[in-house]
Each structure stands twice: as structure tokens, then as C-alpha cells.
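Structure, as C-alpha cells:
Numbers here are sequence positions counted from 1.
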Amino acid sequence: MTRRSTFTDQSVTYGAIGATLAPDLLRYPPAGYRPAEDAVRIGSGIERFERAAESLMTWGIQRGAGFTVDDVSTGTGAQYPGVVYDADGSPLADQPAPRAEERFGPDGTPYIAAGMTATLRHKGRFRTQSTPVLVVYVLDEPDRIGFAYGTTADGPESGEESFILERRDDDTVWLTIRSILATRGGIRGLFAPGQRRKRRELTRVELRALHPAGGV
């Protein structure tokens, strides 16, 4: 059975909520946003998939990439179906459905759910950067699980990032990270090239976070 949920009645800093679900994201990103997609094989077999899924859905990628995950909240607690759009602004034919039950990791940490909010904190060379996010959708299928969050406050970047784990027909397990991001404009746009380099390095670290040699 396929279970999907989304939560879109809180404010995010971009309009194309759910754009990371669009099959043609790389060709037709929302105007003004940089699309990206990266994937890495992290093993094979159902045991590897299940173990990686437990880590993924309890903020394992973010913590493995050096973030502290604070202020985790379920927001209003409601599961709002909402409407998720593709990159062209049209409603997706396959709309997420409400989720029925709550799940937990081995240590009792609640699985990430649509509507959760959190603050991701990363200590840099000179200061700690804080990024408030809202989980805008969750996928939970027999061989595919993951989520996406969007930015909810002004910061160096605005947009959405998704983290999807998949066990393919050949039994291999893959992690795919997709994003639509825009850097700040005006005088602050002078720092955009450096921010993009930081983003690429962060994505490389995130891709390693669930790998047996560098994560769970």
C-alpha cells in the first residue's frame, strides 16, 4: 500500500511546494530556482533498505552531515492533504494522501511526518547558521521512503530539498537528493557563488551520511 502525506498550510519562502516530486524537475525548474539531483548507491537488500530508512526518517542525514536538529515540532498536528504542484504550476495527478499512523525509530524517535517543523543548525568557521524548515511532504511506500522540507525564514537560500531512499528491482538501495534553491538577491547576491559551492559540498556529505562506510 502506498502512503503519502503533505502539509502546506504553513508559510514557506517559495511558491512551488512539492516541485521536487516533478519528473522533469531538471529540465523545467520553477523560475529563478536552481534544480539539482544527485544519487548514490548505499548497498543492497531489504535489511540495508530498512536500516537506512530508520536513519533517514529520524534526521540521520542531517545529523550525519553535521547539523544539530532543534525545535522539532509537529506544528498544528493536523494532516492536511493540500495540493502539490509540479514545476509548471499544475497540480500533480498523483496527489499525496493523508497518513494514518505514527512510526518510531529503534530509540523511540518519531519518524519525520508531514507538517513537522525543525531548526537545522550548522556551526561554521565564524558563526552558527540556523535554518528553520517545514516538512512539506512524506513518501512511505514498500520500496521507497523519504521526505522533503522547505525553508520558512529568510536565509542564504530559499527553496525545497528532498531525500528519497529506494530499493530497486535489482535489489540495490539508492539515496536520491533533489532540490530547488535560490540564493538571496541584491548586495547579498555577491556571495551567491560561494554559497553554491558550499551547497555542493554539503550535498556530497549528505549523500555519504547513510552509506555503510560513512554513516549507518
Side-chain angles (χ1 to χ4, degrees), residues 1-7 16-29 34-65 79 81-88 90-106 109-114 116 135-150 160-181 200 202-216:
M1 180 176 68
T2 297
R3 294 189 297 274
R4 301 186 181 187
S5 59
T6 188
F7 195 96
I17 298 172
T20 51
L21 286 169
D24 53 0
L25 172 69
L26 298 181
R27 292 184 60 192
Y28 303 108
R34 305 184 315 277
E37 177 178 301
D38 296 274
V40 63
R41 178 180 171 178
I42 63 170
S44 61
I46 185 64
E47 183 177 353
R48 171 104 289 271
F49 175 77
E50 291 178 347
R51 187 177 177 190
E54 289 174 350
S55 180
L56 169 68
M57 299 306 293
T58 53
W59 303 100
I61 285 183
Q62 287 68 37
R63 293 190 171 104
Q79 293 298 321
V83 178
V84 176
Y85 298 89
D86 65 17
D88 297 324
S90 301
L92 291 174
D94 186 11
Q95 288 289 321
R99 185 184 175 82
E101 77 283 352
E102 190 173 9
R103 295 172 66 184
F104 299 86
T109 301
Y111 267 35
I112 291 168
M116 273 190 173
V135 178
V136 295
Y137 67 78
V138 167
L139 306 182
D140 189 355
E141 303 169 8
D143 292 312
R144 190 169 67 138
I145 189 169
F147 66 96
Y149 53 56
E160 182 175 298
E161 190 171 15
S162 69
F163 308 86
I164 306 299
L165 189 70
E166 177 185 19
R167 185 163 71 103
R168 298 182 178 176
D169 292 341
D170 62 359
D171 208 32
T172 58
V173 180
W174 291 76
L175 170 67
T176 300
I177 298 177
R178 308 180 94 203
S179 63
I180 52 162
L181 295 167
R200 293 307 304 162
L202 174 59
T203 299
R204 286 191 287 268
V205 174
E206 290 174 334
L207 286 167
R208 295 194 298 266
L210 298 186
H211 196 281
V216 298

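- Pairing each heavy atom of Ile164 with each of Arg144, the nearest pair is CG2-CG, 3.5 Å.
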For this session: Take Leu165 and Met57 through the test side chain to side chain contact (heavy atoms under 4.5 Å, CB included) and record every step on the way to the result.
Result: CA-CA 10 Å; Leu165 189 70; Met57 299 306 293; over 6 Å; no
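- A distance of 12.0 Å separates CD1 in Ile177 from OG1 in Thr20, rounded to the nearest 0.5 Å.
- Within the 4.5 Å cutoff, the side chain of Arg103 has heavy atoms near those of the Asp140 side chain.
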Exercise. Could you walk me through whether Glu166 and Phe49 pass the side chain to side chain contact (heavy atoms under 4.5 Å, CB included) check?
Worked result: CA-CA 8 Å; Glu166 177 185 19; Phe49 175 77; 5.6 Å; no
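- With rounding to the nearest 0.5 Å, the separation of CD in Glu50 from CZ in Arg167 is 8.0 Å.
- The CD atom of Glu54 sits 9.0 Å away from the CZ atom of Arg51 when rounded to the nearest 0.5 Å.
- Taking the six-membered ring for Trp, Tyr137 and Phe147 have ring centres at least 6.0 Å apart.
- Taking each heavy atom of Ile145 and Ala53 in turn, the nearest pair found is CG2-CB, 3.7 Å.
- With hydrogens and angles ignored, the 3.5 Å screen pairs no side-chain donor or acceptor of Arg63 with any backbone N or O of Ala209.
- Shortest non-hydrogen contact noted between Ile180 and Ala19 is CD1-CB, 3.7 Å.
- The CH2 atom of Trp174 sits 7.0 Å away from atom CZ of Arg41, with the distance rounded to the nearest 0.5 Å.
- Between the CD atom of Glu160 and the OH atom of Tyr149 there is a distance of 11.0 Å, given to the nearest 0.5 Å.
- For Asp170, the CG atom counts as densely surrounded, since its 6.0 Å shell holds more than 12 non-hydrogen atoms of other residues, nucleotides or ligands.
- If you take CG on Leu56 and CD1 on Ile61, they are separated by 5.0 Å, rounding to the nearest 0.5 Å.
- For Thr176, the side chain to side chain contact (heavy atoms under 4.5 Å, CB included) partners at least two apart in sequence or on another chain are Glu37, Ala39, Arg178.
- Using a 4.0 Å cut-off between a side-chain N of Lys or Arg and a carboxylate O of Asp or Glu, Arg168 and Asp143 do not qualify as a salt bridge.
- Ser179 approaches Leu25 most closely through the heavy-atom pair O-CD2, 4.0 Å.
- Residue Asp171 comes nearest to Ile46 through the heavy atom pair OD1-N, 4.3 Å, listed as atom of the first residue, atom of the second, then distance.
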